[in-house]
Amino acid sequence: MEEKLSSVAKTLTPSPIQQLSYLAQRCNAVNLAEGFPDFPAPAHIKNAAVSAINSDFNQYRHVQGICDHVACKMKEMHGITVDPLTDIVICCGQSEAFAATIFAIINQGDEVILFDPSYETYDTCIRLAGGVPVYVGLDPPHWTLNSDKLEKSFTNKTKALVLNSPHNPTGKIFTMDELEIIAGACLRRDLLAVTDEVYEHITFDNERHVTLASLPEMQSRTVITSSLSKTFSVTGWRVGWAIAPTCIASAIRNIHIKITDSAPAPFQEAALSALTSSPAYFDSLSRVILAWIL
């Protein structure tokens with residue numbers, strides 16, 4: 001029956017991240033493979049999820065309040081004005097937001113720049129869409145971006161660039177100089193940028209996350225993807241979003257609806273409690289993580 005598989009499916013192999021996670025579960029070992037917090041979610045959002053289930057918010061649902069709060073957050077954190085009615089799409093986690101974005105913008109043969117090392121999902125989504133991943137290695141030990149390497153990676157087939165900052169798996173935050181190099185390349189070559197910002201609130205050494213979309217002329221060509229998962233220790237809830245120019249957001253929404261219809265309804269309701277957490281919660285997140293680790 002293998003001949004019945006699509007050409008892309010034949011190239012896919014089991015996720016090494018999940019395989020290592022399953023092995024860690026079986027052996028009761030410390031799991032360093034998968035990027036999920038190993039400390040509890042805040043009680044108030046767990047209670048909100050339980051309340052939503054008991055209140056029968058259990059059917060297909062779009063909770064517009066999530067979009068409203070995300071738009072406010074983007075304005076407060078980055079000075080970006082986003083229309084919550086047209087420019088934000090709620091998805092089943094950042095992973096679906098990213099996949100739907102790639103399916104919305106990538107055609108057969110389009111090349112997409114990835115910074116190496118990178119999260120395995122990016123490569124798979126690009127290939128499923130018919131695109132070609134092109135890797136640009138970051139230079140250790142600080143995983144810096146080499147502008148010459150980046151420039152040499154572009155061809156007339158390059159359509160988009162993926163930026164994950166704060167970065168998985170290194171923890172690197174791209175500097176303003178590096179962001180300006182990336183933005184300049186996107187503007188010169190008329191490229192789209194897709195960002196993964198799920199670790200936006202988990203930064204250390206007084207570094208601050210800056211979204212690429214906040215740089216001059218970049219909001220109109222950037223799709224931001226993020227989620228509740230890392231910030232609130234709820235990676236299993238699958239509530240995320242994409243923020244994009246209206247026409248791209250519309251395409252992402254159409255793809256999302258055709259694939260999954262809606263993110264889990266009770267967890268969308270609980271997301272309202274999460275996103276209205278006090279500023280002190282977000283400010284303390286890195287300290288709490290360090291204390292838990294140490």
Would you check if there is a donor-acceptor pair between the side chains of T235 and K230 at a distance under 3.5 Å? no

Check E269 with R61, please: is the shortest side-chain N to carboxylate O separation under 4.0 Å? yes

Heavy atoms, side chains only, cut-off 4.5 Å: are E151 and R188 in contact? yes

Is there a side-chain contact between N58 and I53 (heavy atoms, below 4.5 Å)? yes

So, for H78 and H209, is the gap between ring centers shorter than 6.0 Å? yes

Can you hop from L85 to L275 via hydrophobic side chains spaced under 4.5 Å? no

Any residue meeting side-chain hydrogen bond (donor to acceptor under 3.5 Å, both in side chains) with S250, in chain and number order, not counting sequence neighbours: none

Before we go on, tell me: are the rings of F174 and F115 under 6.0 Å apart, centre to centre? yes

Search all heavy atoms of K10 against all heavy atoms of L5 and return the closest pair with its distance. CE-O, 3.4 Å

Taking atom types as modelled and ignoring hydrogens, do the side chains of T260 and E96 form a donor-acceptor contact shorter than 3.5 angstrom? yes

Write out all pairs satisfying salt bridge (Lys or Arg N to Asp or Glu O under 4.0 Å) with one or both partners inside residues 201-221, taking only residues at least two apart or from two chains. D190-R221

We want to know whether Y199 and N164 form a side-chain donor-acceptor pair, criterion being a heavy-atom distance below 3.5 angstrom. no

Are there more than 12 heavy atoms of other residues, nucleotides or ligands under 6.0 Å from atom CG of N28? no

Within one Ile-Leu-Val-Met-Phe-Trp-Tyr cluster: L212 and I202, side-chain cutoff 4.5 Å: no

Quiz question: by atom type and distance under 3.5 Å, do the side chains of T225 and D196 form a donor-acceptor pair? no

Does Y281 have its ring centroid less than 6.0 Å away from the ring centroid of F232? yes

Return yes when atom CD of E2 has more than 12 non-hydrogen atoms of other residues, nucleotides or ligands closer than 6.0 Å, and no otherwise. no

Nearest non-hydrogen partners of P264 and C92, listed with the distance: CD-SG, 4.4 Å

Where T101 and A97 come nearest, the two heavy atoms and their spacing: OG1-O, 2.7 Å

Using distance alone, with no hydrogens and no angle criterion, decide if H256 and S262 have a side-chain donor and acceptor under 3.5 Å apart. no

Identify which one of E197, E200, K73 satisfies the side chain to side chain donor-acceptor pair (under 3.5 Å) criterion when paired with S226. E200

So, K152 and D148, do they make that salt bridge, N to O below 4.0 Å? no

Kindly indicate whether the side chain of L161, heavy atoms from C-beta on, has any atom under 4.5 Å from the side chain of V194. no

Relative to each other, are the rings of W237 and F267 parallel, tilted or perpendicular (30° and 60° limits)? parallel

Can you tell me if K157 has over 12 outside heavy atoms packed within less than 6.0 Å of its NZ? no

Heavy-atom nearest pair, C125 first then A99, reads SG-CB, 3.6 Å

Where do D123 and P133 come nearest, in terms of heavy atoms and distance? OD2-CG, 3.5 Å

How close do T11 and R127 get, heavy atom to heavy atom, and via which atoms? OG1-NH1, 2.7 Å

Under 4.5 Å between any side-chain heavy atoms of V82 and K75, yes or no? no

